[in-house]
Number of protein chains: 2
Amino acid sequence: MSQKKITIHDISRVLGIDSSTVSRALNDSDRVTKKTKEIILKKAKELGYQRNTLASNLRTNKTQTIAVVLPRISRYFFATVIAGVEQIAQEKGYNVIICQSLDSFEREKKIISNLISNRVDGILISISMETTDYEHLKNFQSFGNPIVFFDRPCTLENCVNINIDNYQASFLATEHLLQKGCQQIAHFSGKQNIELYKQRKNGYLDALKKYQIDIDESLIFESNLSEEDGIIMAKKIIETKKIDGLYAANDTSAISAIQYLKSEGIKIPKDIAVVGFNNDPIAAVIEPSLTTINQPAFQMGKKASSQLISQIEHKSTVNQSFVLISELIIRESSNKSF
Amino acid sequence: MSQKKITIHDISRVLGIDSSTVSRALNDSDRVTKKTKEIILKKAKELGYQRNTLASNLRTNKTQTIAVVLPRISRYFFATVIAGVEQIAQEKGYNVIICQSLDSFEREKKIISNLISNRVDGILISISMETTDYEHLKNFQSFGNPIVFFDRPCTLENCVNINIDNYQASFLATEHLLQKGCQQIAHFSGKQNIELYKQRKNGYLDALKKYQIDIDESLIFESNLSEEDGIIMAKKIIETKKIDGLYAANDTSAISAIQYLKSEGIKIPKDIAVVGFNNDPIAAVIEPSLTTINQPAFQMGKKASSQLISQIEHKSTVNQSFVLISELIIRESSNKSF
DNA sequence: TTTATTTATACAATCGATTGTATTTTTGAA
DNA sequence: TTCAAAAATACAATCGATTGTATAAATAAA
């Protein structure tokens, strides 16, 4: 039933050629004659040989594999980043392992430990919401393996970040609401131990300052920005009664808030104009369609992986961070004159 | 800078204990005294030892890894299946590799070949749209490794399938439209070499037959069911002018069709009632909200992986297929009396 | 033809962990 | 105390591919 796998030694035995020569032939080394190569390759194909990557990796101490660690793949943004990562990885001949931290620090630690055991060559990571301690990542780096951080910036010194200018994007989003005439703008923010949400909040705050609007701390809500959180915070907003604008740090919470507010008879954008963040596919479909910030997710994946792979290959390269361009997609949810 | 990784031989040398004993201690073998184990474990921790999985896997000829191969992770259904797979895998101590075929047969072949080289213990697969030849999968199986098919059924004999009753679900979806009074129901179907879409189409056909409605082949559209396809087919529908119902074999095409039809002034569900398939998150948000079939994606992932792992572990187990329960979620898009 | 030089292939060690067998140590019964 | 049985540990081969070095074969120069 279950046939045995062919090794270079089987080929070696059948042909009476040493296994070292077989190995070199299969790797197209110039230490083997073209004629011998042809014989070996033909026989390898005939026997259905497939290289044992485990053995090869063990010997060479290289797995030709990179890992992407992120909160969860079901988010459109992350799925799109992965697509970009895979494209570059495939071009450069790398395998990709995808790991979900589910925003749990414990899981993230386990994942990294597992990746060390599996000797991946490098890691791309968007850290979990709970991550404040970087020891597990430093441990990986201490073996000379590179890490590139994307999406959620890393505050560690000397590490490569690929992200957008969250502060700037946030500033523009808020300014857009202000220009539409909003005076009382609420903000749905994430946990403040996440640098990303700090930056977005700061963009919001500074836009208000620029327009000389007093900061009202009671209009700033901190949560995990889940669907449920969006509803909970929308309820609170209704209670305060004085909001005419909402800037949410993600689309998920913005969308569930819009749905709740609509169900309570509040008109969007007439009563409350809304801007989200991420440009999830749902943002274009919801009514009113959601004004939001589009991140170049695919490009981010490509940039992050090419940066990582270049670090893996020529360790000399300069560790450089990149800021990609985001854009404000203006739709109906912020069109007060609508 | 880059420190060397600790091996069992380092521990062996430091403690003056043979590496075989160290290995056994680390694996909690009962051939090592508790006292010795403690000494070894303590030292291992102290030196920051982490098992080299490559070496271990090479020796044991087991990777404790399963692979999930599917068209693309950005589809909510697949992302949810993966979540289920990972839950079970983690419980049973398996790693999960996620691979996207992007519905390309060539890519799928490459992926399988790569998985063979990487000696994964088993594969969960939803085959690509282009797959009609199963040689690559048979090759994997020929080494004694199990494959479980989910979502898209496999017509190979003697293989394990985990899916819903697509025929039945389709029948119910169509019947629902008929009961709402639809007489002229169009169907968006997928490529007919995919068993899944054949089954869905048959459910649609048989429901019409039951209600003694003549089949009009010009109302059946075959495509990849992409967003663009939805629009193209919606345009064709408008041209025929005689449709009062639409059953699409996925939500993606149903939703883009709804949007296009609305933009053309057609009232949903008044003029045309619509039912989709998959229960994508967007289905609940679009206006009108979309009546659709919900598949138990998470449960499907759990079932598929537990079935696969049980095959890996006790090769004796009966190869059994499973049909999971799906349900029709009735929303506004089919409510003619609305 | 003989020797020097290049080219092709064979030999053997290695990567790190596992595991069957052999040896030493410990325990317990006589 | 002595010896057999059991327990603990050491030895050595192995998984499959890679790679530095050594040897053999082929080519070129003298």
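Note that the structure is predicted; figures quoted are calculated from it, not measured. Protein chains get the first letters and strands the later ones, always in sequence-line order, with residue 1 at the start of each.
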Measuring only between side-chain heavy atoms, which start at C-beta, is [X] closer than 4.5 Å to [Y]?
| X | Y | result |
| --- | --- | --- |
| M129(B) | R152(B) | yes |
| R51(A) | N27(A) | yes |
| S305(B) | L124(B) | yes |

ask   = Does the distance from a Lys or Arg side-chain N to an Asp or Glu carboxylate O, for E38(B) and K43(B), drop under 4.0 Å?
value =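 K43(B) and E38(B): not salt-bridged.
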[X] side-chain N/O to [N] phosphate OP1/OP2 under 4.0 Å:
| X | N | answer |
| --- | --- | --- |
| N57(A) | dA17(D) | no |
| S23(B) | dT18(C) | yes |
| R51(B) | dT18(C) | yes |

ask   = What does T7(A) touch in the nucleic acid at a heavy-atom separation under 4.0 angstrom: a base, only the sugar-phosphate, or nothing?
value =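 Contact class for T7(A): sugar-phosphate only.
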query = Which part of the nucleic acid does N61(B) contact within heavy-atom distance under 4.0 Å: base, sugar-phosphate only, or nothing?
reply =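 Nothing, no heavy atom under 4.0 Å.
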Provide a list of protein-nucleic acid N or O atom pairs under 3.5 angstrom, restricted to nucleotides 8-10 of chain D.
from: dA8(D); atom 1: O3'; to: T33(B); atom 2: OG1; distance (Å): 3.0
from: dT9(D); atom 1: OP1; to: T33(B); atom 2: OG1; distance (Å): 3.4
from: dT9(D); atom 1: OP1; to: T36(B); atom 2: OG1; distance (Å): 2.5
from: dT9(D); atom 1: OP2; to: T33(B); atom 2: N; distance (Å): 3.0
from: dT9(D); atom 1: OP2; to: T33(B); atom 2: OG1; distance (Å): 2.7
from: dT9(D); atom 1: OP2; to: T36(B); atom 2: OG1; distance (Å): 3.2
from: dT9(D); atom 1: O4; to: R31(B); atom 2: NH2; distance (Å): 2.8
from: dA10(D); atom 1: OP2; to: D18(B); atom 2: N; distance (Å): 2.9
from: dA10(D); atom 1: OP2; to: T21(B); atom 2: OG1; distance (Å): 3.3
from: dA10(D); atom 1: N6; to: R24(B); atom 2: NH1; distance (Å): 3.4
from: dA10(D); atom 1: N6; to: R31(B); atom 2: NH2; distance (Å): 3.0

ask   = Would S20(A) and D18(A) count as a side chain to side chain donor-acceptor pair (under 3.5 Å) if you check the C-alpha gap in whole Å, the side-chain angles of each, and the deciding distance to 0.1 Å?
value = CA-CA 5 Å; S20(A) 62; D18(A) 191 81; 2.7 Å; yes
Atom-to-atom span, [atom1] of [X] to [atom2] of [N] - whole angstrom:
| X | N | atom1 | atom2 | value |
| --- | --- | --- | --- | --- |
| N27(A) | dG16(D) | CG | P | 17 Å |
| H9(A) | dC15(D) | NE2 | C1' | 10 Å |
| L26(A) | dT18(D) | CG | P | 8 Å |
| R59(A) | dA17(C) | CZ | C1' | 16 Å |
| K35(A) | dT7(C) | NZ | C1' | 14 Å |
| K62(B) | dG16(C) | NZ | P | 24 Å |
| F143(B) | dG16(D) | CZ | C1' | 14 Å |
| Q50(A) | dA17(D) | CD | P | 11 Å |

ask   = Taking only residues two or more places apart in sequence or in another chain, which ones pass side chain to side chain contact (heavy atoms under 4.5 Å, CB included) with Y76(B)?
value = T80(B), D280(B), P281(B)
Identified side chain to side chain contact (heavy atoms under 4.5 Å, CB included) counterpart of [X] within the set [options]:
| X | options | answer |
| --- | --- | --- |
| I123(B) | N145(B), I116(B), I112(B) | I112(B) |
| N161(B) | F322(B), F149(B), F150(B) | F149(B) |
| T63(B) | N118(B), N57(B), I97(B) | N57(B) |

Considering only nitrogen or oxygen atoms on both sides, find all protein atoms under 3.5 Å from nucleotides 5-7 of chain D and state each distance.
none

